[in-house]
Amino acid sequence: MLDDLKPFFILLVFGNIENLILAAQGVAACVNPLGLAILSLIAASCWLLIGTFGTKVAIKYARYINFVGGLAIFILGIQAMMQSIPGIMEFFH
């Protein structure tokens with residue numbers, strides 16, 4: 001079973017980075033931390049179920065899934081950096 005999951009290891013690592021980015025965006029937007037935590041747990045549980053039961057179907061699309069997931073993580077990272085630029089500029093003035 002571990003061999004079946006090897007194509008998704010990179011997405012798993014970068015998915016955790018994506019969670020950190022989204023959490024940072026939530027903090028920057030002054031979102032209720034408890035609500036954000038609950039929604040994050042719900043989303044992670046849904047993805048766990050999808051991943052557990054959908055791996056056999058999705059394994060033939062692993063390359064596409066990795067690309068789309070990586071692209072989404074990249075876009076979210078750029079978005080987070082763009083939103084933080086005004087705060088960084090204030091720091092230097």
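Worth saying up front: this structure is predicted, and the values here are computed from it rather than measured.
- To the nearest 0.5 Å, atom CD of residue Gln83 and atom CE of residue Met81 are 11.5 Å apart.
- From Leu76, atom CG reaches atom CG of Leu71 across 9.5 Å, with rounding to the nearest 0.5 Å.
- Note: the hydrophobic cluster containing Leu34 does not contain Leu39 (ILVMFWY, side chain heavy atoms under 4.5 Å, direct or indirect links).
- When hydrophobic clusters are built by joining Ile, Leu, Val, Met, Phe, Trp and Tyr residues whose side-chain heavy atoms come closer than 4.5 Å, directly or via intermediates, Leu49 is not grouped with Val57.
- Hydrophobic clustering keeps Phe53 apart from Ile59 (ILVMFWY residues linked when any side-chain heavy atoms are closer than 4.5 Å, directly or through intermediates).
- Taken together through direct or relayed side-chain contacts under 4.5 Å among Ile, Leu, Val, Met, Phe, Trp and Tyr, Leu41 and Ile38 form parts of separate hydrophobic clusters.
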